[in-house]
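All remarks here apply to the structure that follows.
In what follows, every heavy atom counts, from backbone to side chain, and hydrogens, waters and symmetry copies are set aside. Just so we're on the same page: letters track the sequence lines, and every chain starts at 1. All figures in this text were calculated on a predicted structure; none of them were measured in a lab.
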Number of protein chains: 2
Amino acid sequence: MAAREPNRSAEQLETRHRILREAATLFADKGYAATTTREIAAAVGVQQPSLFHHFGSKQEILDSLLRVSIEVPAATLKALVRQEGSPAERLMAHLFLDARHILSCPYNLLGLHADDVLLGDFGRWRAKLDELHRGIRRLVRSAVQEGEFVAVEPEFAQWTLTGGTLAVIRIHGGAPRPRPDRTAWQASRLLTRMYLARPETLDACQRGASEIVDRIRAEATPEDSPADKPKAKEKVKEKEVAP
Amino acid sequence: MAAREPNRSAEQLETRHRILREAATLFADKGYAATTTREIAAAVGVQQPSLFHHFGSKQEILDSLLRVSIEVPAATLKALVRQEGSPAERLMAHLFLDARHILSCPYNLLGLHADDVLLGDFGRWRAKLDELHRGIRRLVRSAVQEGEFVAVEPEFAQWTLTGGTLAVIRIHGGAPRPRPDRTAWQASRLLTRMYLARPETLDACQRGASEIVDRIRAEATPEDSPADKPKAKEKVKEKEVAP
DNA sequence: GTCTATAGCGTGATAGAC
DNA sequence: GTCTATCACGCTATAGAC
């Protein structure tokens, strides 16, 4: 990287962002292994070797996307377990935060949840994701023990709930949604309802979850975004990919 | 990843079936594109070119597995729409049949649902799967209209329900389950419960679904009714597809 | 920062002996 | 039916001009 350049040109950031964006879409469509660097370059509108000016390797592109996909949810879940509130409320808060993160993300994160990615040479992210899943299973187990949830295998519940998050990604598809909060609450309500022993307590559960979300937002640092996280105020233009 | 040891317990099977079995496991672990024919051969315990005596290409291996994974559920859903019963009951019957098919299948079908497979050069199977998803969305839409289900986007419901089927595959993992019917009913009960407007009607819904399943089974085996054909549910044995 | 040209390698698949 | 040997191709990544 040009160390003596005082200002990283907006052009470079733009290209880097577009690479991530197009790569994420292609990974979602065809999978990571099946996507070639030539296809990514073609979607961005540059020649294939030009990618390697911005990223050291194809895996590095995936790595940057995985950071967005996994690091944020893992951090929020970690914040969640310290919060007060019943297990079901905390689980619902997690489901909401996860869904809203997806709906606010400018990249299509679908391909990053495929097994060829998570079981490949990405032990670092795999470990983080396992931690996430363990946290969810722990919350499910507590909710079942306290009678909030019906009897269910924690592992099955975890896979259906994370599968529900995938459903949010599928419907989202990388396109901006009008009201992310509303959609995220809808999804988390349905997923929580699946296991709630007394479904009529869903509204109360959501109120508890909402309070937890507010508390986390209050204690969270304003800038929680490393270099790869694109600005919330995005100037993402509609892509004009040469097919 | 380390090369897998040849599966000695499977050495008695036909080589062709062992190839399918080991390939399915590898596809589930690493994805289709990331799995090499050399890895499949190593898992089976033969040299790589020997695979091509049994299958014309790597894609042909995948094709044989996709037939097992998609053709059976598509056929049962087609039989379902002709049955009497409320939309929720028919949907629950589908979820049960799908789960039981998975739990009775000797192959790990997880990798076949990955997007790199279904969006690749397999338009034939992709079309069949789309048909399946459309059928599910149609049942969801009817159930919502009739007040059996809570208000929900059919597309979201379809992805969560098919995601729930994936959860069954994940827990199954290709290993035999003691009581497939019991596990399949548990899963379909939870998934149906997610959208049932009045969860207290779940038992009634299951009774209706069970009757539909029985009717389908009756019409699926209309001609062969020798004396030794038992009707016990647990006796249902999925015959391996040997094309 | 992007380009052209190409290296280096692993892949799916084939040929022919046994 | 399985083996050894090998091909032809497409892939990621590098080198160096501009």
Side-chain angles (χ1 to χ4, degrees), chain A residues 1-23 26-27 29-65 111 116-117 120-122 227 240-242, chain B residues 1-4 6-8 10-23 26-27 29-65 111 116-117 120-122 242-243:
Chain A
M1 297 271 191
R4 51 184 75 236
E5 293 278 355
N7 52 347
R8 297 232 305 188
S9 68
E11 202 172 304
Q12 179 176 353
L13 284 176
E14 178 64 22
T15 303
R16 186 187 167 87
H17 181 170
R18 283 165 63 209
I19 290 170
L20 288 174
R21 192 179 154 79
E22 301 301 328
L26 283 163
F27 294 164
D29 283 351
K30 325 183 28 163
Y32 170 72
T35 300
T36 71
T37 53
R38 281 178 177 81
E39 287 172 317
I40 300 171
V44 173
V46 296
Q47 292 301 310
Q48 180 256 357
S50 300
L51 300 181
F52 294 90
H53 178 78
H54 302 274
F55 296 91
S57 66
K58 183 188 175 188
Q59 286 208 356
E60 211 174 275
I61 299 175
L62 180 59
D63 212 50
S64 297
L65 290 169
D116 70 329
V117 167
D121 307 318
F122 287 88
E240 36 184 344
V241 179
Chain B
M1 285 191 182
R4 301 185 69 244
N7 192 335
R8 292 187 56 191
E11 269 173 359
Q12 297 172 346
L13 296 173
E14 289 283 327
T15 302
R16 184 188 169 87
H17 287 185
R18 284 162 59 208
I19 291 170
L20 288 174
R21 194 177 154 77
E22 300 301 326
L26 283 163
F27 294 165
D29 282 351
K30 325 183 23 160
Y32 170 72
T35 300
T36 71
T37 53
R38 282 174 176 80
E39 287 172 317
I40 300 170
V44 173
V46 296
Q47 293 300 311
Q48 180 254 358
S50 300
L51 299 181
F52 295 91
H53 177 78
H54 301 275
F55 296 92
S57 66
K58 183 188 174 189
Q59 287 209 354
E60 212 173 273
I61 299 175
L62 180 59
D63 212 50
S64 296
L65 290 169
D116 71 328
V117 167
D121 309 316
F122 287 88

In whole angstrom, give the distance that lies between atom [atom1] of [X] and atom [atom2] of [N].
{"X": "Lys58(B)", "N": "dT14(C)", "atom1": "NZ", "atom2": "P", "result": "15 Å"}
{"X": "His17(B)", "N": "dG1(D)", "atom1": "NE2", "atom2": "C1'", "result": "16 Å"}
{"X": "Ile40(A)", "N": "dT2(C)", "atom1": "CD1", "atom2": "P", "result": "15 Å"}
{"X": "Leu51(B)", "N": "dG12(C)", "atom1": "CG", "atom2": "C1'", "result": "10 Å"}
{"X": "Phe55(A)", "N": "dT14(D)", "atom1": "CZ", "atom2": "P", "result": "15 Å"}
{"X": "Glu39(A)", "N": "dA13(D)", "atom1": "CD", "atom2": "C1'", "result": "17 Å"}
{"X": "Gln47(A)", "N": "dA17(D)", "atom1": "CD", "atom2": "C1'", "result": "15 Å"}
{"X": "Leu62(B)", "N": "dA13(C)", "atom1": "CG", "atom2": "C1'", "result": "17 Å"}

Review point. Which dot-bracket string describes DNA chain C (Watson-Crick N1-N3 plus N6-O4 or O6-N4, or G-U N1-O2 and O6-N3, all under 3.5 Å; [ ] crossing; | other strand)?
Key: ||||||||||||||||||
What is the distance from atom [atom1] of [X] to atom [atom2] of [Y], rounded to the nearest 0.5 Å?
{"X": "His17(A)", "Y": "His54(A)", "atom1": "NE2", "atom2": "NE2", "value": "13.5 Å"}
{"X": "Ser50(A)", "Y": "Ile19(A)", "atom1": "OG", "atom2": "CD1", "value": "8.5 Å"}
{"X": "Leu26(A)", "Y": "Thr37(A)", "atom1": "CG", "atom2": "OG1", "value": "11.0 Å"}

Close side-chain approach of [X] and [Y], heavy atoms under 4.5 Å:
{"X": "Phe55(B)", "Y": "Asp63(B)", "value": "no"}
{"X": "Thr36(B)", "Y": "Ile40(B)", "value": "no"}
{"X": "Glu39(A)", "Y": "Lys30(A)", "value": "yes"}

Counting only side-chain N and O atoms of [X], is one of them less than 4.0 Å from OP1 or OP2 of [N]?
{"X": "Ser57(A)", "N": "dT14(D)", "answer": "no"}
{"X": "His53(B)", "N": "dG1(D)", "answer": "yes"}
{"X": "Gln48(A)", "N": "dA13(D)", "answer": "no"}
{"X": "His54(B)", "N": "dT2(D)", "answer": "yes"}
{"X": "Thr37(A)", "N": "dT12(D)", "answer": "yes"}
{"X": "Thr15(B)", "N": "dT2(D)", "answer": "yes"}

Point to revise | Candidates Val44(A), Ile61(A), Thr35(A) - the one meeting side chain to side chain contact (heavy atoms under 4.5 Å, CB included) with Glu22(A) | key: Val44(A)
Exercise for review: Quick one: label Ser50(A) by what it contacts on the DNA or RNA (base, sugar-phosphate, nothing), any heavy atom closer than 4.0 Å.
Suggested key: base
If you only use heavy atoms from C-beta on, which nucleotide in [options] is closest to the side chain of [X]?
{"X": "Pro49(A)", "options": "dT12(D), dT4(D), dA15(D)", "result": "dA15(D)"}
{"X": "Phe52(A)", "options": "dT14(C), dA5(C), dT12(D)", "result": "dT12(D)"}
{"X": "Val46(B)", "options": "dC3(D), dT11(C), dT12(D)", "result": "dC3(D)"}

Review point. Quick one: on DNA chain C, does Arg38(A) or Gly45(A) contact a more 5' nucleotide (nearest heavy atom)?
Key: Gly45(A)
Practice item. Find out whether the Lys NZ or Arg CZ of Lys58(B) is both under 6.0 angstrom from the six-membered ring centre of Tyr32(B) and within 45° of the ring's axis. Key: yes
